[in-house]
Amino acid sequence: MQTAANKFQQYLGTEPADVHAEYKHVEGGASMKALAWFGTNDVRMVAAPIPDITEPDDVILQVTGTTICGSDLHLYHGEIMALQKGDILGHEFMGKVFKVGPNVKNLKLGQRVVSSFQIACGKCEYCKENLSSFCDRTNTSSLQNYMYGQRDAGFFGYSHFTGGFPGGQAEYVRVPIGEVNLLPIPDNVSDEKALYLSDVLPTSYHTVVDTGVKPGDVVGIWGLGPIGQCAARWAILKGASRVIGIDQIPSRLQFAESKTGVETIDFSQFSDVTKRIYELCPRGLDVALDCGTFHEPKTFTHKIQKTLLLETDVPETINEMIVSVRKMGRCGLIAAYAGFANAVNVGALMEKGVRLIGNGQAPVRKYWEEILNEYIIPGKFDPTFMITHRVPIDDLAKLYPAFDKRVDGVEKVFVETQFSSAPSSGCPRTSRVDDWKSVAV
């Protein structure tokens with residue numbers, strides 16, 4: 001799939017953009033540690049050239065914290081198109097300003113900042129509304145434009161389908177248009193609380209807000225990874241009367257129950273999820289949120305179709321949500337679907353008047369100041385609740401399969417570099433992946 005996608009995109013050419021993914025290397029040939037993709041289930045630590053100022057609005061960061069996201073597993077499994085060998089992955093990161101281009105006036109050397117996972121120009125019609133994920137001017141992917149009719153913003157470390165920008169699972173990162181795509185972090189906010197403003201916090205907040213969770217709503221959340229865990233907390237903060245979480249991983253179900261008070265359904269025990277939801281909530285859900293994954297089909301039918309490439313994504317969660325919500329209920333998709341799914345229950349969608357909302361990639365700039373100033377700093381939302389492990393960057397290649405298999409109850413990880421501060425009080429100490437329990441819990 002990767003070869004075909006890359007050749008087709010090469011045939012189509014590139015779309016115009018204000019910034020370019022390629023970067024200059026520092027003089028002298030100095031290198032950094034980075035995590036790169038080389039094939040399906042094949043990621044490796046490499047010595048990559050340290051980036052230098054390439055365009056006048058650039059900022060170079062020394063990375064003080066990065067992480068792995070559930071959507072990174074789509075890359076790991078080769079399920080996102082237009083990956084190329086040697087691509088540096090990672091879209092959630094923060095750091096200290098190391099170098100600035102001549103146009104950068106509002107950021108200082110040594111300043112602590114967090115990066116948005118998307119790259120916004122700050123000038124197009126979408127950016128003017130802070131819809132940074134929909135920026136028109138930073139993604140050159142002709143393939144995405146061909147498939148979707150338009151294209152998203154460029155993203156860090158997420159294949160040439162999103163612009164081919166080197167990512168943040170590295171010791172240094174070049175951030176184009178740095179004054180737009182970096183948020184300064186005050187000294188009283190730790191790295192562990194700031195890092196996740198790059199993606200997981202705005203993404204989970206966006207699905208709750210965009211799907212319209214209101215006081216008194218009964219909310220179902222499919223997938224209890226970090227996005228689902230955070231979405232449950234946001235739903236409660238927005239006034240949801242009940243939150244029901246659906247997953248099959250025992251550690252995630254227990255985590256949601258004990259940390260947030262979520263009611264849970266283990267779909268390995270209740271294979272008919274919709275039947276179980278109506279037993280718990282006879283009226284049906286007001287809101288259903290898909291915070292899971294398209295790459296793990298449940299049924300034999302969709303396992304076969306996906307294996308034979310008759311579909312790229314699976315509709316099972318979408319169908320369960322459509323059936324489980326009440327008439328005129330709302331379903332939000334924040335899970336990272338990428339292509340096509342067969343047998344979507346369009347009859348129930350239409351006849352029940354269900355609002356099926358594609359949330360889109362979360363516009364980080366729309367939310368990150370609100371989340372920082374109104375929730376994190378006042379203590380209303382503490383992101384550290386989801387951090388279960390901390391590892392050095394040297395372990396990133398081992399972290400991918402461990403995270404994929406949910407080894408040792410891993411939920412969210414803080415990945416440190418040589419530039420990181422010591423762990424904050426109450427946060428996990430540094431461990432090595434080889435020392436984790438070898439079985440999923």
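Shown here is Gln150, whose CD atom has no more than 12 heavy atoms of other residues, nucleotides or ligands within 6.0 Å. Remark: Glu369 CD is loosely packed, at most 12 non-hydrogen atoms of other residues, nucleotides or ligands lying under 6.0 Å away. By the 6.0 Å contact criterion, NZ on Lys298 is enclosed, its count of non-hydrogen atoms from other residues, nucleotides or ligands being greater than 12.
For the 3.5 Å distance criterion, the side chains of Gln361 and Tyr158 fail to qualify, holding no donor opposite an acceptor. Tyr337 and Asp290 are linked by a side-chain donor-acceptor pair at a separation below 3.5 angstrom, with hydrogens and angles left out of the test. Thr211 and Arg330 are not linked by any side-chain donor-acceptor pair at a separation below 3.5 angstrom, with hydrogens and angles left out of the test. In this structure, a donor-acceptor pair under 3.5 Å is absent between the side chains of Asn139 and Asp152. In summary, the side chains of Glu79 and Thr312 do not present any donor paired with an acceptor at a separation below 3.5 Å, with no hydrogens or angles considered. Defined by atom type and a distance below 3.5 Å, a donor-acceptor pair is present between the side-chain atoms of Thr384 and Asp382. Side chain to side chain, Asp52 and His25 fail the donor-acceptor criterion of an N or O pair below 3.5 Å. A donor atom on one side chain and an acceptor atom on the other are found under 3.5 Å apart for Gln84 and Asn6.
By the 4.5 Å heavy-atom criterion applied to side chains, Lys259 and Gln229 are not counted as neighbours. Residues Glu370 and Val209 have side chains not in contact (no heavy-atom distance under 4.5 Å, counting atoms from C-beta outward). By the 4.5 Å heavy-atom criterion applied to side chains, Leu289 and Ile334 are not counted as neighbours. In this structure, Val391 and Ser431 have side chains that are in contact, with non-hydrogen atoms separated by less than 4.5 Å. No side-chain heavy atom of Tyr205 sits under 4.5 Å from any side-chain heavy atom of Trp368. Using a 4.5 Å heavy-atom threshold, the side chains of Trp222 and Ser324 count as touching. Side-chain contact between Asn319 and Val344 is present, with heavy atoms from C-beta onward closer than 4.5 Å. Within the 4.5 Å cutoff, the side chain of Ile393 has heavy atoms near those of the Met45 side chain.
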Is there a side chain to side chain contact (heavy atoms under 4.5 Å, CB included) between Ile221 and Val243? Walk through the geometry before answering.
CA-CA 7 Å; Ile221 296 176; Val243 176; 3.8 Å; yes
Candidate pair Glu192 and Ile387, rule side chain to side chain contact (heavy atoms under 4.5 Å, CB included), full reasoning:
CA-CA 8 Å; Glu192 290 94 340; Ile387 305 174; 3.8 Å; yes
Evaluate Tyr375 against Tyr367 for ring-ring contact (aromatic ring centres under 6.0 Å, His included), listing each step before the verdict.
CA-CA 11 Å; Tyr375 291 98; Tyr367 300 116; over 10 Å; no
Kindly determine whether Thr54 and Glu22 satisfy side chain to side chain contact (heavy atoms under 4.5 Å, CB included), including the steps that lead there.
CA-CA 8 Å; Thr54 305; Glu22 299 78 13; over 6 Å; no
Let's go through Lys366 and His206 carefully: what are the C-alpha distance in whole Å and the side-chain angles of both, what is the deciding distance for side chain to side chain contact (heavy atoms under 4.5 Å, CB included) to 0.1 Å, and is it a yes or a no?
CA-CA 9 Å; Lys366 183 175 181 178; His206 175 58; 5.8 Å; no
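Considering Asp199, Thr66, Thr162, Thr67 as possible partners of His91, the one that fulfils the side chain to side chain donor-acceptor pair (under 3.5 Å) test is Asp199.
Ring centroids of Tyr146 and Phe8 are separated by less than 6.0 Å, placing the two rings close together. Checked against the 6.0 Å centroid criterion, the rings of Phe93 and Phe156 qualify as a close aromatic pair.
A donor-acceptor contact shorter than 3.5 Å is absent between the side chain of Ser159 and the backbone of Ile80. Remark: the backbone N or O of Leu310 is paired with a side-chain donor or acceptor of Asn342 at under 3.5 angstrom. No donor-acceptor distance shorter than 3.5 angstrom exists from the side chain of Arg151 to the backbone of Ser142, with no hydrogens or angles considered. Using a distance-only test at 3.5 Å, with no hydrogens or angles considered, no donor-acceptor pair links the side chain of Thr207 to the main chain of Ser204. A donor-acceptor pair under 3.5 Å links the side-chain atoms of Asp313 to the main chain of Ala338, judged by distance alone. Checked by atom type and distance alone, the side chain of Asp87 never pairs as donor or acceptor with a backbone atom of Leu83 at under 3.5 Å. Looking only at distances, no side-chain donor or acceptor of Ser424 sits under 3.5 Å from a matching main-chain atom of Cys427. Counting only distance, with no hydrogens or angles, the side chain of Gln9 and the backbone of His160 share a donor-acceptor pair below 3.5 Å. No donor-acceptor pair closer than 3.5 Å links the side chain of Arg390 to the backbone N or O of Thr388. A donor-acceptor pair under 3.5 Å is formed between the side chain of Gln118 and the backbone N or O of Ala362.
When all heavy atoms of Thr140 and Ala17 are compared, the closest pair comes out as CG2-CB, 3.6 Å. In this structure, Cys331 and Val354 approach most closely via the heavy-atom pair SG-CG1, 3.7 Å. The two residues Arg174 and Asp58 come nearest to each other via the heavy atoms NE-OD2, 2.7 Å. Across Lys108 and Val97, no two heavy atoms sit closer than the pair O-CB, 3.2 Å. Shown here for Leu107 and Gly178, the closest heavy-atom pair between the two residues is CD1-O, 3.8 Å. Contact between Trp234 and Leu201 at its shortest, heavy atoms only, is NE1-O, 3.6 Å.
In this structure, CD1 in Ile60 is found 10.5 Å from OH in Tyr172, a value given to the nearest 0.5 Å. Here the SG-CG distance, from Cys135 to Asp18, works out to 7.0 Å after rounding to the nearest 0.5 Å. Expressed to the nearest 0.5 Å, how far CD1 of Ile227 lies from NZ of Lys412 amounts to 6.5 Å. Here the straight-line distance linking atom SG of Cys230 with atom CE of Met386 works out to 4.0 Å at 0.5 Å rounding. We find the OH-CG distance between Tyr76 and Asp404 to be 6.0 Å, quoted to the nearest 0.5 Å. Between atom CD1 of residue Ile177 and atom NZ of residue Lys123 there is a gap of 7.5 Å, rounded to the nearest 0.5 Å.
Salt bridge status for Asp217 with Lys238: absent, with no side-chain N to carboxylate O gap under 4.0 Å. Ion pairing of Arg252 with Glu411 is present here, as a side-chain N (NZ or NE/NH1/NH2) and a carboxylate O approach within less than 4.0 Å.
Judged by a 6.0 Å distance limit and a 45° cone about the ring axis, Lys96 is not positioned over the six-membered ring of Phe419. Remark: Arg44 qualifies as a cation-pi partner of Phe38 under the 6.0 Å distance and 45° angle criteria applied to the six-membered ring.
Between Trp436 and His389, the ring planes are tilted. Angles from 30° to 60° get that label. Using the six-membered ring where Trp is involved, Phe255 and Phe385 have ring planes that are tilted, between 30° and 60° apart.
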